[in-house]
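Note that this is a predicted model, so its numbers are computed, not measured.
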Amino acid sequence: MSVPRSVALERTLYALAAPVLAAAPNLAPDGPVSTVVQLAGAAGVIGGALAAKGDRPGAGRKILRWSPPVLAAAVDVAAQHTPGWGPWCLDALLAASWAAVGWLVLPYARHARRHHRPALAAPAPAPQPAPEPAAQPDDGTDAFTREVRRLWERRGLPGNTLVVKATAHEGMPHDLSLLLRACEAGRPITGLRDEDVAAAFAVDVSDVHIEEVVRQYGREGGPGWKHVHVTPDAAERRRTAPTTGEWWAERIAATGGPVPGSEFVKKVRDQQRKVTHYIAQVPDELGEPRVNLYTLAAALKTKYDEGRLFVTVDGSQVLVSLWDSSPLAQVFPATRELLTPDADGRWVTGYLGNGQPARNRVYTDRGAAHGLFVAPSGGGKTQLMGLHIAADALFQAVVMLATEAPDEKTAALGRHTARYGVGALYMVRLLRVLVALMDIRGQMPWEDGLVHEWDPKRPGCPYRMLSAYLDEFLSAARNGAYGVEIMELAELVSVKGRKYGVGLKVAGQSVYVQDGFTQLLCENLRENCIPVVLKVAPGKVGAMFKALGIPAENTPDPLPRSFSPAEEGRIERVMRGEPEPPADSNTGGAGWIIEAKQPDVLRTLYMDFKAGIDDYFPDTVATLTDHEIRELEARGLWFDWSEPPRPGEFGPAPSGDEDGDDDAPYKAGGEHRSGQPAAHRDAVTSTRQALEAIKRLSGV
């Protein structure tokens with residue numbers, strides 16, 4: 001029988017070491033050989049003790065492995081304590097015995113590897129069968145679950161879990177859901193990863209979703225259970241043909257998306273109006289919805305400045321309206337029905353970007369409504385003013401119109417008003433009449449014999465509501481002769497006119513204080529009307545709405561330069577050397593209506609002046625009562641306001657001995673002969689003072 005080389009070498013070492021082990025303690029008890037042998041023995045004792053103390057398998061093999069140095073140290077110590085070589089050469093006999101034991105047992109060569117045959121000193125362990133995975137419970141489940149269990153076992157029970165129930169997804173041949181529990185009862189599932197499940201079913205990691213199991217009646221839950229969804233088919237369908245809810249969750253509601261954290265509710269298509277509405281809800285714990293219009297436009301495959309996308313936030317709900325073409329580019333014809341005020345004094349001014357009718361009012365709960373129209377030249381201001389004049393006329397109100405400069409449209413509107421004129425002189429005379437009417441109406445008894453503040457819903461009022469329109473107001477207010485008085489009288493009417501049924505409607509290109517528009521007048525009009533701002537230059541949007549008292553967080557973005565779709569084919573035109581088509585500037589009549597603190601984009605109704613505007617107005621024009629006219633005539637205020645200034649109308653008549661100015665009642669710049677500005681000689685702080693000043697100046 002052949003002997004392995006390692007065994008033969010070890011036996012040779014034992015045979016050679018035995019004489020040295022017997023001679024060293026007798027020849028040199030304290031020599032280096034004895035020291036090395038004793039140190040090796042001490043190491044063997046420690047190694048054997050550690051092996052015996054551990055609970056891992058193979059402890060006996062490790063103890064045998066350390067036995068040679070321990071026995072050698074014992075022989076060395078015994079030899080040092082015997083006189084000479086000991087009786088009957090005991091030292092040599094012990095060393096020879098040590099070599100014989102090593103010769104037979106061979107712990108190093110035959111126990112260094114687990115697969116070697118065990119040493120003769122250790123009993124051969126009985127062969128153990130390979131460990132089998134934990135058996136799945138035989139609970140009489142369905143065939144699909146049993147098949148999944150067998151697959152799960154072949155994959156080595158990922159995460160040390162068992163399949164309790166497997167459910168196939170209808171219509172999806174490869175999708176399923178698993179209910180798992182830990183193999184050991186009472187142990188949590190800690191090692192299960194998406195990668196483990198994906199590898200077991202040979203799918204992508206993104207197709208696996210692991211959920212916690214909530215405890216239910218009749219079934220356990222907690223960390224020892226997991227729900228696993230494997231959905232490769234559904235993931236493929238989401239990538240190729242997602243539902244609206246899936247698209248919303250991935251593109252809109254994802255972290256960093258246009259409306260993060262939102263939950264899709266429903267999609268509504270209005271085929272008649274050519275608009276698609278998306279409704280979403282934001283959980284209360286996320287607070288107010290945050291909307292990024294730029295990324296939302298990109299997700300909806302439109303451009304931010306095309307005017308097709310509008311977002312409405314109502315508490316925690318979000319409405320996204322996507323129009324096939326911008327509603328602000330459409331034309332909404334005005335009709336008499338739309339312009340007729342309802343029982344609450346509201347009428348349709350135009351339509352908002354989301355398709356809702358935008359309404360204004362002829363009166364409020366505070367009295368007659370004022371008006372504020374702001375638009376640059378060509379922005380649709382006269383059109384808007386015409387809509388308001390028609391609404392007031394249909395309400396049977398008395399309408400008077402004064403403009404700083406004549407034009408075709410205002411002249412056409414003037415034919416449907418009780419009074420119409422041009423110039424700053426006409427405007428200041430109109431304002432004087434308004435102040436006087438506040439005093440006259442304040443003394444007119446109602447049917448019950450008492451005097452009341454104007455209320456359209458209270459019967460017995462002796463006069464009609466009066467709306468006075470001042471077009472190009474700022475130009476008139478900067479007039480050198482009458483501008484100061486125009487501004488002061490306008491402020492006075494804006495404060496108290498509403499209580500006497502007098503509404504002041506101011507139209508201009510700005511509301512800036514630096515342009516002559518006082519803060520007091522702006523605030524009074526703003527609080528008692530629904531302002532409309534049209535076609536503001538992008539650089540002025542912030543300042544314009546700040547002047548109107550709109551918070552910075554509600555300041556709208558500028559409107560696009562055009563609502564027409566961009567011309568396609570530019571690359572081809574460049575290659576052919578063709579010019580670009582002219583830009584279609586169709587933003588006239590588009591702007592914002594400000595009913596509260598949040599401006600809303602709107603397109604005003606279109607009044608076709610070329611086709612005639614008579615159909616928008618009633619057949620008769622309302623006028624002041626005879627009593628009011630008599631009182632105004634008594635004050636010298638009711639005449640043709642287009643006449644040149646009357647002597648003494650704007651101050652003392654000039655004396656005849658002054659050279660060159662016999663026919664001029666005032667100097668340029670609004671100064672009287674004394675050199676003091678006419679409007680500032682006496683402070684006017686009330687209606688009574690203003691009336692007395694008018695009487696005094698008129699010589700009444």
Side-chain angles (χ1 to χ4, degrees), residues 400-405 418-443 466 468 470 473 475-497 500 502 504 516 623-624 626-700:
M400 298 183 182
L401 170 61
T403 180
E404 195 273 337
R419 285 257 170 153
Y420 165 70
V422 178
L425 175 60
Y426 196 95
M427 193 175 294
V428 73
R429 285 169 167 170
L430 172 58
L431 286 169
R432 285 184 171 187
V433 166
L434 299 182
V435 173
L437 283 173
M438 290 162 54
D439 180 71
I440 295 170
R441 292 183 170 188
Q443 302 177 38
L466 169 63
L470 309 180
F473 175 78
S475 297
R478 287 196 293 265
N479 182 274
Y482 312 108
V484 175
E485 186 176 358
I486 287 175
M487 183 60 70
E488 290 187 349
L489 293 177
E491 285 184 353
L492 187 59
V493 175
S494 71
V495 173
K496 297 184 178 181
Y500 306 100
V502 177
L504 185 66
T623 60
L624 297 177
D626 294 339
H627 172 75
E628 291 173 313
I629 293 176
R630 285 194 301 269
E631 289 294 326
L632 291 174
E633 288 176 342
R635 291 168 170 79
L637 299 174
W638 192 255
F639 56 90
D640 184 359
W641 298 334
S642 299
E643 296 178 0
R646 295 182 172 186
E649 184 180 2
F650 294 94
S655 59
D657 58 352
E658 293 186 359
D659 299 332
D661 289 331
D662 292 341
D663 297 330
Y666 56 87
K667 288 186 178 181
E671 294 186 0
H672 293 270
R673 295 300 178 186
S674 63
Q676 184 179 9
H680 290 287
R681 296 181 63 185
D682 298 307
V684 179
T685 59
S686 67
T687 306
R688 176 68 63 180
Q689 292 177 357
L691 184 61
E692 292 299 329
I694 293 173
K695 290 180 179 179
R696 184 170 59 252
L697 295 175
S698 302
V700 178

| query | Quick one: side-chain contact (heavy atoms from CB on, under 4.5 Å) partners of Val422, sequence neighbours excluded? | reply | Thr403, Pro406, Tyr420

| query | Going through the checks in order, is the side chain to side chain contact (heavy atoms under 4.5 Å, CB included) test met by Leu425 and Asn479? | reply | CA-CA 9 Å; Leu425 175 60; Asn479 182 274; over 6 Å; no

| query | Should Glu633 and Phe639 count as side-chain neighbours, where that means a heavy-atom distance under 4.5 Å? | reply | no

| request: Please list, chain by chain and in numerical order, all residues satisfying side chain to side chain donor-acceptor pair (under 3.5 Å) with Glu628, sequence neighbours excluded. | output: Arg441, Thr625

| message | To the closest 0.5 Å, what do you measure between CZ (Phe650) and CZ (Arg429)? | response | 5.5 Å

| said: Assess the residue pair Leu624 and Met400 against the criterion (side chain to side chain contact (heavy atoms under 4.5 Å, CB included)); give the C-alpha distance rounded to whole Å, side-chain angles, the decisive distance to 0.1 Å, and a yes or no. | reply: CA-CA 11 Å; Leu624 297 177; Met400 298 183 182; 3.9 Å; yes

| request: Return the minimal non-hydrogen interatomic distance between Ala402 and Met427, and the atom names on each side. | output: O-CE, 3.8 Å

| field | Ile486 CD1 to Arg432 CZ distance, which is reported to the nearest 0.5 Å | value | 10.5 Å

| message | Does any part of the side chain of Ile440, heavy atoms only, come nearer than 4.5 Å to the side chain of His627, both counted from C-beta? | response | yes

| Trace of the side chain to side chain contact (heavy atoms under 4.5 Å, CB included) decision for Glu491 with Val495 | CA-CA 6 Å; Glu491 285 184 353; Val495 173; 5.5 Å; no

| query | Going through the distances and angles, do Phe473 and Met487 end up as a side chain to side chain contact (heavy atoms under 4.5 Å, CB included)? | reply | CA-CA 9 Å; Phe473 175 78; Met487 183 60 70; 3.6 Å; yes

| said: How close do Arg635 and Ala436 get, counting heavy atoms only, and between which atoms? | reply: CD-CB, 4.2 Å

| query | Given side chains that start at C-beta, do those of Leu430 and Leu470 come closer than 4.5 Å, heavy atoms only? | reply | yes

| Sequence neighbours excluded, which residues qualify as ring-ring contact (aromatic ring centres under 6.0 Å, His included) partners of Tyr426? | Trp641

| message | Using 0.5 Å steps for rounding, measure from the CG atom of Leu466 to the CG atom of Leu434. | response | 5.5 Å

| query | In Å, rounded to the nearest 0.5 Å, how long is the span from CG of Leu492 to CG of Leu431? | reply | 9.5 Å

